[in-house]
Protein chains: 2
Amino acid sequence: SSTEDTRASDPKIENESIFAPLDTFPRRHIGPSAVSAAEMLQTLDPPAKSLDDFVKQVVPSTILSSKDLSVEGPMPESGSMATSEGGYSESQLIARLREIAADNKVYKSYIGCGYAGTRVPEVIKRNILENPGWYTSYTPYQPEISQGRLESLLNFQTMVCDLTGLAIANASVLDEPTAAAEAMTLSVNALPMARQKRKNKVYFVSHLCHPQTIAVLESRAQGFGITIEVGDVLKDNSKRVEEIGEDLIGVLAQYPDTLGGVEDFRGLADKVHKLQGTFAVGTDLLALTLLTPPGEFGADVAFGNGQRFGVPFGFGGPHAAFFAVSERHKRKIPGRLIGLSKDRLGDPAARLALQTREQHIRREKATSNICTAQALLANMSAMYAVYHGPHGLKRIAEKVAKMTKVLAKALTDGGLEIRQPVAFDTIVVTKPGAAMFAQKCASNGRMNFRVIDDDHLGITIDETVGKKQIQEILGAFTTDAVDVVQLAEGLEANTIPEAFQRTTPYLTHPVFNSHHSETEILRYMNHLQSKDLSLLHSMIPLGSCTMKLNATTEMIPLSWPEFSGIHPFAPIDQAKGYMQLIDELEKDLAEITGFHAVSLQPNSGAQGEFTGLRVIRKYHEQQPGKKRDICLIPVSAHGTNPASAAMSGMRVVTIKCDTHTGNLDMADLKAKCEKYSEELSAIMVTYPSTFGVFEPEMKEVCELVHQHGGQVYMDGANMNAQIGLCSPGEIGADVCHLNLHKTFCIPHGGGGPGVGPIGVAEHLTPFLPGHPLVANVGGEKGIAPVSGAPWGSASILPISWAYIKMMGARGLTHATKITLLNANYILCRLKKHFPILYTNENGRCAHEFILDTRKFKETAGIEAIDIAKRLQDYGFHAPTMSWPVANTLMIEPTESESKSEIDRFCDALISIRKEIQEVEEGKQPRDGNVLKMAPHPMKDLVCSEWDRSYPREKAAYPLPWLKEKKFWPSVTRLDDAYGDMNLFCSCAPVETLDDMTGAAAPMPT
Amino acid sequence: SSTEDTRASDPKIENESIFAPLDTFPRRHIGPSAVSAAEMLQTLDPPAKSLDDFVKQVVPSTILSSKDLSVEGPMPESGSMATSEGGYSESQLIARLREIAADNKVYKSYIGCGYAGTRVPEVIKRNILENPGWYTSYTPYQPEISQGRLESLLNFQTMVCDLTGLAIANASVLDEPTAAAEAMTLSVNALPMARQKRKNKVYFVSHLCHPQTIAVLESRAQGFGITIEVGDVLKDNSKRVEEIGEDLIGVLAQYPDTLGGVEDFRGLADKVHKLQGTFAVGTDLLALTLLTPPGEFGADVAFGNGQRFGVPFGFGGPHAAFFAVSERHKRKIPGRLIGLSKDRLGDPAARLALQTREQHIRREKATSNICTAQALLANMSAMYAVYHGPHGLKRIAEKVAKMTKVLAKALTDGGLEIRQPVAFDTIVVTKPGAAMFAQKCASNGRMNFRVIDDDHLGITIDETVGKKQIQEILGAFTTDAVDVVQLAEGLEANTIPEAFQRTTPYLTHPVFNSHHSETEILRYMNHLQSKDLSLLHSMIPLGSCTMKLNATTEMIPLSWPEFSGIHPFAPIDQAKGYMQLIDELEKDLAEITGFHAVSLQPNSGAQGEFTGLRVIRKYHEQQPGKKRDICLIPVSAHGTNPASAAMSGMRVVTIKCDTHTGNLDMADLKAKCEKYSEELSAIMVTYPSTFGVFEPEMKEVCELVHQHGGQVYMDGANMNAQIGLCSPGEIGADVCHLNLHKTFCIPHGGGGPGVGPIGVAEHLTPFLPGHPLVANVGGEKGIAPVSGAPWGSASILPISWAYIKMMGARGLTHATKITLLNANYILCRLKKHFPILYTNENGRCAHEFILDTRKFKETAGIEAIDIAKRLQDYGFHAPTMSWPVANTLMIEPTESESKSEIDRFCDALISIRKEIQEVEEGKQPRDGNVLKMAPHPMKDLVCSEWDRSYPREKAAYPLPWLKEKKFWPSVTRLDDAYGDMNLFCSCAPVETLDDMTGAAAPMPT
Ligand SMILES: Cc1ncc(COP(=O)(O)O)c(C=O)c1O
Ligand SMILES: Cc1ncc(COP(=O)(O)O)c(C=O)c1O
Ligand SMILES: O=C([O-])O
């Protein structure tokens, strides 16, 4: 495309000094060159004179920021741009990051507490974690072009089911503590309706659960009116369970427990079940290769952190937590579930099952708001199991168990006291002055123990521990005279107490028994990858999802041991680099959002919502007056909004939208504000709106709500349209979450990880979430933590930090302008062919817009899904389908797409429009036409019989460039009806759906 | 495949201690599990009782080593295996490598001399250098499954042509000095025949060429009887050229020269041409974005190092050197050339043009032996140009030039003397006590200058230099009071002397003007990659090429700055890590080959041959008696053998092979030995033979040749069949080269890089090649260097080192056994369906064997090429075709392929055999059948018209698993006739070919 010939950069974002570095980033991140952008401005309808004129047609003047964004960049030694304006060049950034990384100290961590050292197989690291083919793909809502990661997630689920001994497992949840919270709310759901309505609801939690789990349960329990009771769940034959009686919703235990012990829970399980409660167990996948699985001793739910299956500490995350339930609860499992179905040709094919449940349709009736999960990490963990197989995993577990025994024996022989017999990987050593001792071991021995109390240390052994490490530990306890080799030889072969020895097989499926050489696993991973469309192939124009470039330089630090090798509860002086980076990121995000402070703890957008609302609640609690618990939410809101509000203990009141403009119905808002003035807690709004428009009256909305004592929660999913032009804080919001995995370049990873920090105004700062194990996190009156780790998924924060630092204030602002231009350019090209749902009074959209495809249902029997599937034949991922409006498509290009790619996409949609017209004109039948039969994988075309109304060439190559560059779906259209009816767990058909929130349709995440 | 279920490892290669690490490597490298191997032994015909019994049936007892291999491994602290037996685990290896790397000091190097700092764009590094899709593919001899890298190499050629201003460029040569040597021999070739036969041949070389270039020319000139005269080529109006007169073969100059100057060569060029000589110019691609290109001032040849286009120093390599010639010389260009042709459907498609030239058919008449080149690095450099585009490259060059001017001005202002006006990037500063000064700058300032002589330092500036570096340099010269910013502002815009300013455009092709955003280049690279079959997809059973696993852990250090960031001529105390690693690798390779010493300098197998033969010649020169220059070479030898012999100045005498056994004809050998007893220099043999058999009489061969005063050169291409079982040294060879890119896991990179070290017996050690710029390289009487860098392609040596260290002695030996087993297993499965050409008396082959497909030409009109192309439809790369025997296929599986993959491959060939049978039986026509029409890309099948004799399904899915796992060729069969006739440079049709050395067929590399 010769129009992109010259990458003449916008003068505003380029340095002129001859000393300025040339490897500047904005021109690499932003798709259209200056020449293309000028062309696009011309092509708009009406054309715009300049980029800034254009921006004024998009963003209401009342909303526009009065000052320029300021982000601290490199010292201007290297160029003429001020440090607050210009960004780091790519090489400058790597150099700076190396400095920061050097301030982290990677000591051996034996802290345990749900995190253990692991060896990430290099082949998996390079070919999944460092491979854009895996990390840039989206949640597999379009199964025909996602079979690879669907298959891998199915492996994950199978692995979890096998190891836990339970019937059904989901495709990951955010972390172990939130998994515990999901288990708690599932327990409520599982109660008979009458019991659910009871005032007193007690969740009885073992004091031997990980402390961060208990803390997160606290934060989640409140909204549901649940009382968390922490105690010894086995004491006196679990008498307390009976005492709680009908108030009991369930019991939670840890196995092995946080101090390393295992207990027999059979009797407890019976008692819980007798009371119709749910028995949940936090557990460890590696331990389960040796221990009787929870499913065999009566657990209804088992969950935990899959981290030690090949995902590094990462200072707390991201890792894939797992969640499994018994047959009885399979319809209640939260999060994403992959199911096997079949395609049009009857061949087996995987898909996201039960997609339309939970918050997507239940909204304020939901008990979980999880969307973005940990797909990328789940795939890594699943692949770790594929690579090692049952035999290999067992050898690892046995080694860990034996090492732990050797250590315990050596310490005991050395005169130390070990608290209980070794069950698996953790021992507790009695050591007066434990804290001081641990500190000394860190500074002198570069190793971390867990300080349990003044007199006790915890030591957790993992697969990275060898003789050297055992000797170092013994050295620290000055018991290293022991000959550990001799000692090891004296131990019995099987170290697991007989009563707990696992007898049932696991991972018997061939996939876990075939790919053990590096060549085999490499090919297996590549084969899966080859089925999936990602940003490697073409634009993924998903409205509300911001599928922008995830630049390599941003991704680099993830692989560095200085970032990946740190335990989340390591002494903070070992994480100075992290602290520096986190400080800077918080500061920059605060500046960008116009807020006073930021918490990076929430590890998804939905988590951010929950956190922000909890903060608002806590704030209100401190104020005099009535309990404020009404949350106003426009009908157009994302399903997570009402779900989060409900989970925070709020009552949701819906606000209408103007059916013509899509804007908030101000009259309705006013009426509701007045009606609930005394009880008003908050409003949740998305800005620009989920319809893709900068509503002009947003400031008035904020003022109104404030007048009535409410707080304004802004869903920042659409922040990409704002940066540098306006900000939630200036507009008047009090809280806002950001999806770093949208706006700030954390890749979507096929469905996670994400990071959902919140920014808050000054008055809310004291309530930002804290952490039980790490000091100085959050505000002075901070709410209980919402994630297991103090800074959530810390190891991916360098991505967003790098993005901001390389773009600089000017680059970020320019990107926003181009993102608006790209969307409006598409809008203008397409509006001659399709109705557009909402635009502002200048005919402009924000960074996305809704293509209204509803009329085709009548004119041609064609629905949005047919267009979506047909787009696959053109090599594109569908836009967001049927959300926020059923049977429409929402298109968001981002600034990273070039004019030529955008033109390809427009050409495809225009070509599809012509195909629809053929049906409208009767030239093609309403059934079995090229849209209805789409997508067309090779196997559908390479067949002798052909009785369709269109030729094969038309199916495969409707536009000429497809002959050169074609991505092939791997299966024909999924049979959703069959899949829902014949879910591999054969559950009942899912509920039917209402209209406004989008029908047979996934949500953007 | 449930047979691979248990990866129970061979007890011989596994540790039993509980402290032994579990991430052991041999079981990951070796495909078949112990269970599979046992099964395979059973399936052999006749079956073998045990692996060791089997080995005895393969390797003659006289050849088998008497002792176990010993390789120093980790201290046995971690396990029970002795350090000489067991290998490092993957994590142990990375830890050890980190230690070694820490001993390298990465200082800023301003040494120049043909190497300059560069910024490798991270997106290119991750997605090409670190991407197995690019690094594990083979030389693109099968164009239908190689269009991606062919297109990229075409970009490389186009880039070189554009920048040099010459008509045609090849797809890379090994390094700049060998490129100079190629220019020299091309000059001989280009002379009229009478002049070629003249006794005196003088190559006149500018004293301003890089010193290593001049040194390598020396080593290459001798064999051709060329005298190198070094001098001032411009002096007195190039009077000396006229004086040399008819003895002149050509002139070589450097532009800009090694001291940074540029001169007008027009007059010189005319004089050279008048004498029918060739004018060659060593040059710099970046400089040529600003300077008049060589093609515009009369150069016939331009060459140089493409390193600074995005390939790091790497302590000397590998980098892609480039080589371009004028229209007049296009048929003489050495190395690989990519040409545009068309496929069966008439669509454009690229291919290796003129494949069958040079050593492959010319053998002892060849003037170049280059095979393996620098494809991977050429792709990186080409992509660097695609990423930056002409505009971006020019900006980089201008910055470099300006920085150099600023530096020169500041130094001059500071009272220092600069030797000549700045032309581009290099200045010479007068500085008495230069060596001491440079040393001080290194130790105090962490920067390296070039010490030209006692009074002069060279400083070369590159794109990584910014204000900070300029100030540091000025600081070293204590002239840093200067305000460089002000100084820079005072300089004129264009820094290039007017007479040398480039006026012609370059890189105008759209490919260099479209992919400048990261998203665009990422998709472009991925699109190219998606067309190529590599080890990611399936086994590549290329006989003589050893396409084994290139493990991720082996590849990791390539990305570390401690290995990539060191200039080859940096003071050696900055490369202590390298020295340690090189020492260990030399020692291990010596042990493995049974030799006394090893030189790692040769950077390909062919280079190794040349080096080994030069060493033999030098040895003979030291002995009393006649000049020994006869080299005996069996007819079965690889084409590089006679070519290398000829280049070393030897006369080649061919030895017959027994047509029945394939073994050397001992009677013929005896006769020739006797006949040439006085003149016998050497014999070159490959072992096991190129026919894939361990000849039983190899020891006798060695003795016989030794008796006649000759030396034994062993081509170690087949070393993979020997390691741990036998060794060239023990058998009686005197020299042997190894292809580290075959046996020792350096990936083939789509046609390079390679490393071809030689091992030599003690008496040859003094003659190992030295280096003019680095002390203590090679032997005391070392031959002149064969590569520009002292240790050749140093940065990839960690790969082979890591392989050896992780396998350990036992792992290596076990791998050899399995490689033999894998080959024999295939042989046994296939021999029921195809004739096998040669086996030993037990019916066994070595690590490879020849499938004799010749009879099908008669029975069905089917040739080896048809089978090769049809294999693509089954998802496999063809075995080596028509070499060493025309119209046959040579199969080598390596130890890394699992039984299940091997079975898939056998099933494919057996299925193809049935397809041939259908033709034989008249069920399918002799023309237009599924073999003749193969391969079948999608575009060939997705069409409405279908009038073939077979259905589409048969074309695409002849075996059931293809529906699940299918690799699609991207074009139909290449039209070789058209390509050769219509070469993009429209050259004459290539010569026809003889039989024994393989016809329309590539050579294994
Ligand atoms: C408007 C809006 N809010 C909230 C979310 C939830 O974010 P997450 O998936 O990170 O939980 C999304 C996700 O797409 C969204 O589009
Ligand atoms: C037997 C033999 N000798 C020599 C060579 C040349 O090696 P290189 O390509 O590394 O120059 C080859 C390459 O395949 C070979 O097979
Ligand atoms: O270099 C070769 O063409 O084998």
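Just the heavy atoms: all of them, side chains too, but no hydrogens, waters or symmetry mates, feed the values below. Each chain gets a letter, A, B and so on, in the order the sequences are listed, and its residues count up from 1. Just so you know, these numbers come straight off a predicted model, no measurement behind them.
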Inset, instruction - With a 4.5 angstrom heavy-atom cut-off, could you sort out which part of A:Glu964 is near chain B: side chain, backbone, both or neither? - result: both

Legend entry - Among the listed options A:Leu535, A:Thr136, A:Ile521, A:Val406, the residue most often paired with chain B at heavy-atom distances under 4.5 Å: A:Leu535

Legend entry - Selection from B:Lys965, B:His537, B:Met938 maximising heavy-atom pairs under 4.5 Å formed with chain A: B:Met938

Legend entry - Atom group of B:His527 that falls short of 4.5 Å from chain A, counting heavy atoms: side chain

Legend entry - Option in A:Lys966, A:Lys548, A:Gln147, A:Met539 with maximal non-hydrogen atom pairs under 4.5 Å from chain B: A:Met539

Legend entry - Top contributor to chain A contacts, counting heavy-atom pairs under 4.5 Å, from B:Asp23, B:Asn131, B:Leu941: B:Asp23

Inset, instruction - Would you mind checking if A:Arg27 and B:Glu518 are paired as a salt bridge, meaning a charged N to carboxylate O distance below 4.0 Å? - result: no

Inset, instruction - Would you mind telling me which of A:Ser538, A:Ser970, A:Gly133 has the largest number of heavy-atom pairs within less than 4.5 Å of chain B? - result: A:Ser538

Inset, instruction - With rounding to the nearest 0.5 Å, note down the distance linking CD1 in B:Ile18 to CZ in A:Arg395. - result: 12.5 Å

Inset, instruction - Taking all heavy atoms of B:Pro951 and all of A:Ser944, pick out the closest pair and write down the distance. - result: CB-OG, 3.5 Å

Inset, instruction - Apply the side chain to side chain contact (heavy atoms under 4.5 Å, CB included) test between A:Phe19 and each candidate in B:Gln471, B:Lys402, B:Lys467; give the one that qualifies. - result: B:Lys467

Legend entry - Max heavy-atom pair count under 4.5 Å with chain B, selected residue of A:Phe967, A:Trp946, A:Tyr524, A:Trp968: A:Trp968

Inset, instruction - With a 4.5 angstrom heavy-atom cut-off, could you sort out which part of B:Ser559 is near chain A: side chain, backbone, both or neither? - result: side chain

Legend entry - Modelled atom types, side-chain donor and acceptor of B:Arg119 and A:Ser91, under 3.5 Å: yes

Inset, instruction - Let me know if B:Ile94 has heavy atoms under 4.5 Å from chain A in its side chain, its backbone, both or neither. - result: side chain

Inset, instruction - Kindly determine whether A:Thr552 and B:Asn127 satisfy side-chain contact (heavy atoms from CB on, under 4.5 Å), including the steps that lead there. - result: CA-CA 9 Å; A:Thr552 314; B:Asn127 294 285; 4.2 Å; yes

Inset, instruction - Would you mind telling me which of B:Lys954, B:Met403, B:His515 has the largest number of heavy-atom pairs within less than 4.5 Å of chain A? - result: B:Met403

Inset, instruction - With a 4.5 Å cut-off on heavy-atom pairs, point out which of B:His388, B:Lys963, B:Met525 contacts chain A the most. - result: B:His388

Inset, instruction - State, yes or no, whether a side-chain contact exists between B:Leu522 and A:Pro132 at a heavy-atom distance under 4.5 Å. - result: yes

Inset, instruction - For A:Glu897 and B:Thr519, test the side chains for any donor-to-acceptor distance below 3.5 angstrom and give the result as yes or no. - result: no

Legend entry - Contact winner vs chain A - B:Ala488, B:Ala956, B:Cys943, heavy-atom pairs under 4.5 Å: B:Cys943

Inset, instruction - Mind running side-chain contact (heavy atoms from CB on, under 4.5 Å) on B:Met555 and A:Glu122 for me, showing each step along the way? - result: CA-CA 10 Å; B:Met555 296 295 291; A:Glu122 297 291 347; over 6 Å; no

Legend entry - B:His516 vs A:Arg28 side-chain heavy atoms within contact, under 4.5 Å: yes

Inset, instruction - Evaluate the side-chain proximity of B:Arg952 to A:Arg952: yes if any heavy-atom separation is below 4.5 Å, no if none is. - result: yes

Legend entry - Contact check, side chains of A:Leu536 and B:Arg523, non-hydrogen atoms, under 4.5 Å: no

Inset, instruction - Report the option among A:Glu90, A:Glu130, A:Glu463, A:Lys125 that has the most heavy-atom pairs separated by less than 4.5 Å from atoms of chain B. - result: A:Glu130

